[in-house]
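Have a look at the structure below, then the notes.
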Amino acid sequence: MFQKYDVIVVGAGHAGCEAAAAAANMGSKVMLVTMNMGTIAQMSCNPAMGGIAKGQIVREIDALGGYSGIVSDLSAVQFKMLNRSKGPAMWSPRTQNDRMLFSAEWRSMLEKTEGVDFFQDMVKEIIVEGNRVIGVKTSIDVCIYAKSVVLTNGTFLNGIIHIGEKQMGGGRAGEKAAKGITEQLVSLGFRSGRMKTGTPPRIDGRSLDYSKMEVQPGDEHPGSFSFSKTPKLSKQLNCWMTYTNDEVHDMLRTGFDRSPMFNGRIQGLGPRYCPSIEDKINRFADKDKHQLFVEPEGWNTVEIYVNGFSTSLPEDVQYEALRKVPGFENVKMFRPGYAIEYDFFPPEQLLPSLETKGISNLYFAGQINGTTGYEEAAGQGLIAGINAHRAANSLAPFILKRSEAYIGVLIDDLVNKGTDEPYRMFTSRAEFRIMLRQDNADQRLTPLAYEMGLVKEERYAATIAKYQRIAGLNKFIHANNVEPDEVNVYLEQEDSALISQKQRISRIVSRPGLELKSLLKHSKALSEYAIEHGIFEEELELADILLKYDGYIKREEEMAEKLGRLEHIHLHADFDYHALESLSSEAKEKLCKIKPLSIGQASRISGVSPTDIQVLVIHLGR
């Protein structure tokens, strides 16, 4: 019935879709197996992409030739650049999306991707020969064979849905759980654990009084995720903000005795940075209110997502508590919130390529690795898909460094430190975040994608030309002056010191609060240069950032180069750490468990001290 494939991807969530697209675009014949063809790339929780640090990941996926940024732009109902009041390392794009359109656009793009086949069924086991995966078996005993397999099972592995005292098997509301894979992997020597996540109730927007809430509009000049010039939004939907209060909290507390979180029914740990509403009022009892964001689900629906009200309390308690929220007095609930508990596999069992250490050519991506969020899953899926293709073609794995991408930070954290709770990306996790800004992801990553065949020459050439224009502009502003009578009006407007003689454009722009794109209106030479060389507004902004933060960027680059040298001191998987008496006991234990590939990787393992690294370096004669 089936030919032999290069790559099989199990699961069609955000990780699976990116994995399938990446492998196929590199030339692999891919089979994407999903339990439901109607829920490809479903937004199981909030109808949004990006946000703090997550927006950087989406832009990195796009720069590497992935689809998440394009699909987000095509299905957006609102765009915001978050953290504009802070430095550019913190700027993070975010879209509010049409849930149904997002899924439809993803499916359409996959169906148009040459080399992707689909099959609807549940995979119940992988087929292993020796210590190598060679295929999968589905619930109806269909066997499909391939050179590599990527598992992206999301919350479906032995998933249990909790609503108050009610429990039901399921990987998502209305969909059954996946059985068999956990048990088989454990029998093959893998360690598994349980995690928990949750989602808020969905409500009828027609039943809300928006006059009692604070409107949250999108940006006046909306941007986009993709570097491929997707259409900008010409109209946007508003979101709103309201707050819980003491009455809401008191009503929620009436259900605590029936809460699966508090009565021991839920064993898995939930996400620290996205707690349920009952967890918030229990842990932060001193707070008399919590923010709720009221988010539309799409252009053509009245359904509303109540961001901040994730809960697994009984549905009657959820409803009565919602009615006490300002603007929700007459609320109608489409479906209650719920918690879901599912299996994951501690990610220390993976190599930095996301290949498992126990079974060769088997890759894990997404929530199976203990992460939370569409963006973290999609980033892993992309890398797993790339490496599954490369393994199928006997090529060396593609591994992003921490200094190259947030995706590199994410995977490095997972495989070296593991996680006991759902992992969420933050800008604070990236030590090189000034280098890893959202605006320069194409400069960092598109050349790498082009070398692997993930992006076409036209896009690569456009990226090179863009940064040549920026370099030329940078050279121009350092070599050319602006006269006092040109610029003093602008300086006075911005409450900046006036000049009495001509100065380099770069000196003016380096002042706090002044922008190159605003100076364009006051400098004839700059304006003429920008027109002549076809410089866009985003390129002016990027040149501005490079000028203002030049010292910080160079400092980070030097640090990254120094630390990068440790990556070239290789360690073998069978290295006998117990033979080195000078290593601490904890270091021996952790090094034997992780089996790092280099001194650099060893240095980032929790419990391995700088002294332990010195011992290893000296032992290796370095």
Side-chain angles (χ1 to χ4, degrees), residues 191 346-358 360 363-364 369-370 380 383 386-387 390-391 395-420 423 425-436 444-445 448 451 551-622:
R191 292 178 293 112
E348 310 96 300
Q349 300 170 99
L350 302 175
L351 296 167
S353 62
L354 296 180
E355 183 182 20
T356 67
K357 294 175 181 175
S360 63
Y363 296 81
F364 291 174
N369 291 336
Q380 292 171 72
I383 300 302
I386 290 170
N387 285 321
R390 292 179 71 85
L395 298 170
F398 173 69
I399 298 169
L400 285 169
K401 303 185 188 78
R402 294 181 73 91
S403 58
E404 289 179 317
Y406 271 87
I407 297 171
V409 174
L410 164 67
I411 294 172
D412 191 72
D413 278 355
L414 291 174
V415 302
N416 291 322
K417 300 174 183 174
T419 185
D420 296 323
Y423 178 103
M425 179 52 71
F426 288 102
T427 50
S428 59
R429 295 190 191 273
E431 61 270 41
F432 302 115
R433 54 186 171 272
I434 301 176
M435 290 164 54
L436 307 184
R444 290 184 274 122
L445 302 174
L448 301 177
E451 286 175 19
Y552 297 101
I553 294 169
K554 283 178 178 171
R555 200 175 305 159
E556 277 197 359
E557 287 173 344
E558 289 170 7
M559 181 63 70
E561 186 182 350
K562 286 178 183 176
L563 294 175
R565 293 171 198 157
L566 297 176
E567 304 298 332
H568 299 296
I569 307 176
H570 299 293
L571 292 165
H572 295 291
D574 57 356
F575 192 101
D576 185 5
Y577 296 101
H578 289 290
L580 298 182
E581 293 182 7
S582 299
L583 283 178
S584 68
S585 298
E586 185 179 3
K588 290 176 185 176
E589 178 190 334
K590 296 289 180 67
L591 290 165
C592 288
K593 179 180 177 183
I594 304 295
K595 294 183 172 62
L597 302 178
S598 69
I599 292 290
Q601 186 185 351
S603 70
R604 297 188 295 275
I605 297 172
S606 177
V608 177
S609 71
T611 303
D612 295 318
I613 295 300
Q614 267 191 317
V615 170
L616 288 172
V617 169
I618 292 167
H619 176 77
L620 293 169
R622 304 294 288 271

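Just so you know, residue 1 is the first one in the sequence shown, and it goes up from there.
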From [X] [atom1] over to [Y] [atom2], what is the distance, rounded to the nearest 0.5 angstrom?
{"X": "Q614", "Y": "T611", "atom1": "CD", "atom2": "OG1", "result": "6.0 Å"}
{"X": "L580", "Y": "K588", "atom1": "CG", "atom2": "NZ", "result": "7.5 Å"}
{"X": "K562", "Y": "E557", "atom1": "NZ", "atom2": "CD", "result": "13.5 Å"}
{"X": "I605", "Y": "D412", "atom1": "CD1", "atom2": "CG", "result": "9.5 Å"}
{"X": "L350", "Y": "E355", "atom1": "CG", "atom2": "CD", "result": "9.5 Å"}

Sequence neighbours excluded - salt bridge (Lys or Arg N to Asp or Glu O under 4.0 Å) pairs with any residue from residues 576-586: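 Applying salt bridge (Lys or Arg N to Asp or Glu O under 4.0 Å) to every pair that reaches into residues 576-586, excluding sequence neighbours, yields E586-K590.
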message: Test: salt bridge (Lys or Arg N to Asp or Glu O under 4.0 Å). Region: residues 609-620. Which pairs qualify, not counting sequence neighbours?
response: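 Listed once each, the pairs would be none.
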- prompt: Among all residues two or more places apart in sequence or in another chain, which pass the ring pair (Phe, Tyr, Trp, His ring centres under 6.0 Å) test with Y423?
  reply: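 Y423 satisfies ring pair (Phe, Tyr, Trp, His ring centres under 6.0 Å) with no residue once adjacent residues are dropped.
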For F575, ring pair (Phe, Tyr, Trp, His ring centres under 6.0 Å) partners two or more places apart: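 In terms of ring pair (Phe, Tyr, Trp, His ring centres under 6.0 Å), with neighbours along the sequence ignored, F575 is linked to Y577, H619.
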- prompt: Run the side-chain contact (heavy atoms from CB on, under 4.5 Å) check on L354 and N369 step by step: do they pass?
  reply: CA-CA 9 Å; L354 296 180; N369 291 336; 4.2 Å; yes
- prompt: Do L616 and L591 have side chains that get closer than 4.5 Å, going by heavy atoms?
  reply: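 A side-chain contact exists here, since the closest heavy-atom pair is under 4.5 Å.
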Pairing residues for [X] by the side-chain contact (heavy atoms from CB on, under 4.5 Å) criterion, not counting sequence neighbours:
{"X": "R555", "result": "Y552"}
{"X": "Q349", "result": "F190, R191, F345, P346"}
{"X": "E431", "result": "R402"}
{"X": "A430", "result": "Y406, V409, R433, L436"}

Throw together a table of side-chain donor-acceptor distances under 3.5 angstrom for residues 594-603, partners on residues two or more places apart or in other chains.
| unit_1 | atom_1 | unit_2 | atom_2 | d |
| --- | --- | --- | --- | --- |
| K595 | NZ | C592 | O | 3.0 |
| S598 | OG | E567 | OE1 | 3.1 |
| S598 | OG | G600 | N | 3.4 |
| S598 | OG | Q601 | N | 3.1 |
| Q601 | OE1 | L597 | N | 2.8 |
| Q601 | NE2 | N416 | OD1 | 2.8 |
| S603 | OG | G600 | O | 2.6 |

task: Check salt bridge (Lys or Arg N to Asp or Glu O under 4.0 Å) between K417 and all other residues, then give those that pass, not counting sequence neighbours.
output: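 Expected list: D413.
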message: Using side-chain contact (heavy atoms from CB on, under 4.5 Å), reason through L448 and L400 one step at a time and then give a plain yes or no.
response: CA-CA 10 Å; L448 301 177; L400 285 169; 4.1 Å; yes
query: Do R390 side-chain atoms and L395 backbone N/O form a donor-acceptor pair below 3.5 Å?
result: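 Judged by distance alone, no pair lies under 3.5 Å.
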message: Which heavy atom of G607 sits nearest to which heavy atom of S584, and what is that distance?
response: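 Heavy atoms only, the tightest pair is O-OG, 4.5 Å.
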- request: Could you tell me which non-hydrogen atom of K401 sits nearest to which non-hydrogen atom of E404, and how far apart they are?
  value: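 Looking at all heavy atoms of both residues, the closest pair is N-OE1, 2.8 Å.
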field: Partner residues of K593 under the side chain to side chain donor-acceptor pair (under 3.5 Å) criterion, sequence neighbours left out
entry: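 Partners of K593 under the side chain to side chain donor-acceptor pair (under 3.5 Å) test: E348.
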Residues L563, F432; criterion side-chain contact (heavy atoms from CB on, under 4.5 Å); working and verdict: CA-CA 11 Å; L563 294 175; F432 302 115; 3.9 Å; yes
